[in-house]
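All residue numbers in this chain count up from 1 along the given sequence.
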Amino acid sequence: MGGELRHIGKATPRKDARIIVTGRAQYIDDVKLPEMLYGKVLRSPYPHAHIRNIDTSRAEAYPGVMAVLTYQNVPSWKGGIPYHRPVLDSTVRFVGDAVALVAAETVKIAEEALELITVEYEQLPAVYDAAEATSPEAPQLHEKIPGNIFPRGYRPIGDKALQEIVMGDVDKGFKEADFVVEGTCAYENIPNPLPPEPPGVIATWEDPEHLTIYTASQSAAMNRNFHQPLLGLIDLRVIGTQCGGSYGTKNANMIPMVHATALARATGKPVKIYFTKEEHFNAYSLRLGSRIHAKMGIKKDGTVTALAGEWFVDTGAASEMAQVQVAVGCGEAQLLLRCPNWNLQPYLVCTNRNPSGVVRGFGGQELKSALIPLLAIAMEKADLDPLEFFKKNYVKAGDGYYWRDGIWWDYRGIDFTKAMDKGAEVFGWHDKWKGWGKPTAVNGSKRIGVGVGVHGNADIGEDESEAYVKLSPDGRAVLHACVSEAGMGERSAVCKMVAEVLNLPLDRVEITAPDTQVNPFEFGLVGSRGTYTVGSATIAAAEDARRKLLELAAPVLGVKPEELETKDGLIYIKGKEQAAIPWRRAMGIARTVTGQGRFETDYSLCNCMMIFAEVEVDTETGKAELQRVVAATDCGQIIDPLVLEGQLHGSLGSAGIDTALFERSVLDRSTGHIMNCNMIDYKWRTYIDLPQFQNVILETPIPSHRFKAIGVGEVAPAPGPSAVLMAISNAIGKQIMDYPATPDKILKALGKI
């Protein structure tokens, strides 16, 4: 599709490649400001306790300590949805919760000062199960959260913010069904995406009304937009540093940000808080827990007539933005199922484990990982091939859905069944699929099973983006867009779009640093929105700049602007390239040309990712080994093939496919401690353990923008867990309904323990 294009669709060096490989990229731990102090946090050893007394006198007197803060002297800022999480509190609600803050001249001094703080705790009962937390006998965690159930909805995403899926008549739908099934599935292994670089923040107050934050985040502007209100609408500037991966988790950075900000205000100096890896494991936000009990009606031809149930969402000790994740998950369920009758009721519950925050998959992975195994029960009852079921039920042009804003959107995109069929062909699905509960092959105690999962997201068009493109007389362009770099190459991608529109060499296009003070509005790189939303604003700005440039050149060349072309910093009459003039002849040397572009929210398009998985299970040991993965998608025009390949291979990491096999935070429910908070005991797949992985990528033009492309990076891992769980269930002939499918669960299903 991209043969006529100069840069788009071709593998090109990333704009930041050289500084990364030469070690010159500036990460948050490389930033050092004059007189900067170092912040450390004293953390709770208990999952739920009241602080009866806290003595900080020895820490305050320790040489090099500049400030010690407790709940008694911190600012009254509160975050979360609704505002319920103070900077520090007299009650701690999970092991690792913040008790006191110290700012000192060195990290070592700050750590030593923490040991001098004496705390007397009154331990309180704790609860770790979402359903149990809603019972009248359960301990109450927050005064503002009665019954431990958070209020639904979040007005900033719309006055009608989606809180549930209710439509049609489920009783009527069940009567129309040929089969009605019921079951429960849990995706509650609260995995940690663990980007290589831990969270870090530097806060510095220029004066009481001006605060600057340096943060390792994939969305510098999101940090500003979410934190400015809770700080009192001060003038907040956020500067994004190079971010060594985020996988969603560094989007908001709420807690380290307010801790650094409070210490900076108390000391009058810049303060850096940079998590150790141990803190990253123990005290940072994790994925939501998800458990669904649902009843489904289905016809013999795969038509889903009704779905009703309860979705218990465990957000841990606080909700960073879980209401939005629930809303997105409810929207994504409708992309998966063309069902006229729904009554799915979410319950967002707080418990005494780590709070949950933004994680790649954002609500949809949590919901569908639990929902698809329940759909498998219905598919098995109706003897349906899951591939054909997903092809039939995935959203088609002319269908509609309520998205997170609670508004009905008519889908105007492409039919993704071609990509599904191509993925099935490459995987060999039709040869490998033998039916429900039937292995593809048996070799002694080892059995091979196959499974398939699907996922999609209309957040590719979420929220607004703005961009400026400034042209200089020397034939160069600068893109002003507040785009951070978190590993996916988006800063390079939007530069390619500008270069394509202006027909410039790529090395003549640069992009400004992710700094909210010098860039127009940008929501951030979330939900696979970069290609469509940021791309649309960027393209519009480049086209506007081009139009203004050619309007300046038209009188010089004596023709109308539409008769002109530009290439490599030159302008010429179409067909007369040999008579080209440089941009400076049209602009002069004392002028720049700036184009503006803006994108408005559009949820009428979505993406789609299907994953096929082949798993070998040893029925003697219970070990399940992922042998092969095929990921199939259609993204319209590919912007950069190598970047896209890498994004799809990322489905193995960032709390993705392997959450079906071994990746989890092991919570000791007697003490509230996470037991595997290190890089040895937290099970990750190493490079030598990688399965065979193939990508199938189609390029059907999608009605998005000039380059007919959409993003797919964020959704890559989401179909993986359910595909693997289905493959394991088919290999052993027994349904597994709880993640991860560890050897003990498999052997228990087989009746061997």
Side-chain angles (χ1 to χ4, degrees), residues 185-194 287 365 369-370 372-373 376 386 427-429 432-453 611-631 649 651-668 674-694 717 719-753:
C185 184
Y187 184 62
E188 298 177 301
N189 40 336
I190 53 171
N192 193 327
L194 279 178
R287 189 181 284 285
Q365 179 167 326
S369 293
I372 288 178
F427 183 75
W429 175 264
K432 296 176 183 293
W433 172 254
K434 304 300 181 183
W436 291 99
K438 298 177 181 178
T440 297
V442 177
N443 181 14
S445 65
K446 295 182 179 180
R447 301 180 180 185
I448 293 176
V450 295
V452 60
I611 283 185
F612 299 86
E614 189 168 41
V615 180
E616 180 184 78
V617 181
D618 189 326
T619 57
E620 290 298 322
T621 65
K623 180 183 178 181
E625 183 175 341
L626 181 61
Q627 294 192 323
R628 185 174 178 225
V629 175
V630 170
H649 278 81
S651 64
L652 282 167
S654 63
I657 287 178
D658 283 335
T659 59
L661 292 168
F662 46 73
E663 196 175 329
R664 60 174 171 166
S665 299
V666 181
L667 183 67
D668 182 342
I674 295 176
M675 304 301 291
N676 56 334
C677 291
N678 58 73
M679 297 299 291
I680 300 298
D681 294 324
Y682 189 91
K683 300 305 178 187
W684 275 47
R685 186 181 295 276
T686 66
Y687 286 109
I688 61 172
D689 297 320
L690 292 175
Q692 182 184 351
F693 200 110
Q694 293 172 269
S722 60
V724 170
L725 201 67
M726 184 187 296
I728 292 170
S729 296
N730 287 329
I732 66 174
K734 302 288 184 180
Q735 284 277 5
I736 303 289
M737 303 298 284
D738 183 26
Y739 296 84
T742 49
D744 58 313
K745 293 177 184 176
I746 291 173
L747 293 175
K748 185 176 180 180
L750 291 169
K752 295 189 175 183
I753 58 173

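- For CE of M679, the number of neighbouring non-hydrogen atoms (other residues, nucleotides, ligands) closer than 6.0 Å is greater than 12.
- In this structure, the separation between CG on L747 and OG1 on T621 is 7.0 Å, given to the nearest 0.5 Å.
- Annotation: the span from R664 atom CZ to N676 atom CG amounts to 8.0 Å, rounded to 0.5 Å.
- Without hydrogens or angle criteria, N192 side chain to L194 main chain gives a donor-acceptor distance under 3.5 Å.
- Summarising the geometry of I753 relative to D744, their closest heavy-atom pair is CD1-O, 3.2 Å, with the distance given to 0.1 Å.
- Annotation for K748: atom NZ does not count as buried by contact number, only 12 or fewer foreign heavy atoms lying within 6.0 Å.
- Taking CD of E188 as the reference point, atom CZ of R287 lies at 13.5 Å (rounded to 0.5 Å).
- Here the closest non-hydrogen pair linking P193 and P191 is CD-O, 3.7 Å.
- With 3.5 Å as the limit, one finds a donor-acceptor pair spanning the side chains of Y187 and T659.
- Applying the side chain to side chain donor-acceptor pair (under 3.5 Å) criterion to S665, with sequence neighbours excluded, gives no partner residue.
- In this structure, L626 CG and E614 CD are separated by 9.0 Å, a value rounded to the nearest 0.5 Å.
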For residues 437-453, which side-chain N or O atoms pair as donor and acceptor with protein atoms under 3.5 Å away, sequence neighbours left out?
| unit_1 | atom_1 | unit_2 | atom_2 | d |
| --- | --- | --- | --- | --- |
| T440 | OG1 | K432 | O | 2.7 |
| S445 | OG | D618 | OD1 | 3.0 |

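- Taken from CG in D738 to CG in N189, the straight-line distance is 8.0 Å, to the nearest 0.5 Å.
- Without hydrogens or angle criteria, Y739 side chain to S369 main chain gives a donor-acceptor distance under 3.5 Å.
- At least one side-chain heavy atom of I728 sits less than 4.5 Å from a side-chain heavy atom of L661.
- Take N678 and apply the side chain to side chain donor-acceptor pair (under 3.5 Å) test, not counting sequence neighbours, and it matches D681.
- Qualifying side-chain contact (heavy atoms from CB on, under 4.5 Å) partners for S651, counting only residues two or more places apart in sequence or in other chains: I611, I657, F693, A716, P717.
- A search for side chain to side chain donor-acceptor pair (under 3.5 Å) contacts involving S729 returns nothing, not counting sequence neighbours.
- Evaluation of the side-chain contact (heavy atoms from CB on, under 4.5 Å) rule for F662 yields D658, K683, R685 as partners, not counting sequence neighbours.
- The shortest heavy-atom contact between L652 and L690 is CD1-CD2, 3.8 Å.
- Within the 4.5 Å cutoff, the side chain of C185 has heavy atoms near those of the M737 side chain.
- Closest approach of K734 to A749, counting heavy atoms only: CG-O, 3.6 Å.
- In this structure, CE on M726 lies 8.5 Å from CD on Q735, to the nearest 0.5 angstrom.
- Considering every non-hydrogen atom in both I736 and K745, the closest pair reads CD1-O, 4.0 Å.
- Note on ring orientation: taking the six-membered ring where Trp is involved, the planes of F427 and F612 are parallel (angle under 30°, cut-offs 30° and 60°).
- Ring orientation note: the planes of W433 and W429 are close to parallel, at an angle under 30° on the 30°/60° scale.
- The two residues V615 and A731 come nearest to each other via the heavy atoms O-CB, 4.5 Å.
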